[in-house]
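Below is one structure; the comments refer to it alone.
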Amino acid sequence: MNSSVENHISEKKDFVVSSSSLKDVRTFSREVFSKVNLNQDLKDELVLAIAEAAQNIVKHAYQNQETDDKMEIKISLDNGELEIGFFDKGRPVDNSNVRHRKIDDVKPGGLGTFFIKQIMDAVVFKEGEKPWINHLILTKKINHR
Amino acid sequence: MSYKVTEEDNVSIVHLDGEIDMDVTEKAKEVIMPLIEAKKEVHLNLKNVQYMDSSGISVLIESHQKATELGTKVILKDISKSVLKVIMMAKLEQILNLG
């Protein structure tokens, strides 16, 4: 095993809530996962899940409206437990309204949440602690390569 | 994302390049949809697309459905491994035309 690779991380970064930030969200996620000993396919899936969750903040919590607000993404890995936190100050998320479309009802849209749920073990919405409004937590048990 | 459109025997070939996310889907649709509306067969070459998210998949679905409605077709060509994985995750490999 490469001794420079870590299996404990905790890194966070702020991004302006905008579709133009999604590339930066992916870059941040890839940089964090580059420090961890994980299969590349799993890293790619995790980057997709993170980008989809960030996209949902832009589309749903902020309804695609321009804003100077920032969202915070925190990636933590400890003892094989990966936790990814998303914090935003947008419209409060009603957990009961968060669902993906039926997968056999083929139409554009509604796939982001489906991807997140396929990739992660658990998706939990919490009320954010001040100054945040929403706190989304994605978790996954990681088996190191 | 960048793109190049070539014509070959009444088929429009759109070579997409880069990462396709929510930020570039409108640009992708502006390129693809007029070709479909002109009732051309459209081949989307995805060899150089390294990343596609649910917004990109929505463009593929919308293009496919529009083409079907207008009696033409969109065929996905040279699909990169990462895009194929997302298409399969969305369970669309039997729905979209993979060529």
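To find a chain, count down the sequence lines: A is the first, B the second, and so on, and within it residues start at 1.
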| note | Looking only at A/Ile119, A/Val58, A/Val47, A/Asp41, most heavy-atom pairs under 4.5 Å shared with chain B are made by A/Asp41

| message | So for A/Asn64, is it side chain, backbone, both, or neither that comes closer than 4.5 Å to the heavy atoms of chain B? | response | side chain

| task | Please round to the nearest 0.5 Å and tell me the distance separating atom OG of B/Ser82 and atom CG of A/Leu48. | result | 10.0 Å

| said: Just verifying a value: how many Å separate B/Tyr51 OH and A/Arg30 CZ, rounded to the nearest 0.5 Å? | reply: 7.0 Å

Counting only heavy atoms not in [X], do more than 12 sit closer than 6.0 Å to its [atom1] atom?
X        : atom1 : result
B/Glu93  : CD    : yes
A/Lys74  : NZ    : no
A/Lys140 : NZ    : yes
B/Lys73  : NZ    : no
A/Gln63  : CD    : yes
A/Lys23  : NZ    : no

| field | B/Lys91 and A/Phe114, any side-chain heavy atoms less than 4.5 Å apart | value | yes

| query | Which residues in residues 62-70 of chain B have a heavy atom less than 4.5 Å from any heavy atom of chain A? | reply | B/Glu62, B/Gln65

| task | Taking heavy atoms only and a threshold strictly under 4.5 Å, list by residue number the residues of residues 7-28 of chain B that touch chain A; give 'none' if the list is empty. | result | B/Glu19, B/Asp21, B/Met22, B/Asp23

Hydrophobic clusters here meaning ILVMFWY residues chained together by side-chain heavy-atom distances under 4.5 Å, can you tell me if [X] and [Y] are in one?
X        : Y       : answer
A/Val124 : A/Val93 : no
B/Val5   : B/Leu60 : yes
A/Ile73  : A/Val16 : no
A/Ile133 : A/Ile57 : no
B/Leu84  : B/Leu46 : yes

| Which residues satisfy the ring pair (Phe, Tyr, Trp, His ring centres under 6.0 Å) test with A/Phe87, sequence neighbours excluded? | A/Trp132, A/His135

| query | Apart from B/Ile75 itself, what residues make up its hydrophobic cluster, given side-chain heavy atom links below 4.5 Å? | reply | none

| field | Residue part contacting chain A, namely of B/Val86, when any heavy atom lies under 4.5 Å | value | both

| field | Expected output: side-chain A/Glu52 to main-chain B/Asp53 donor-acceptor under 3.5 Å | value | no

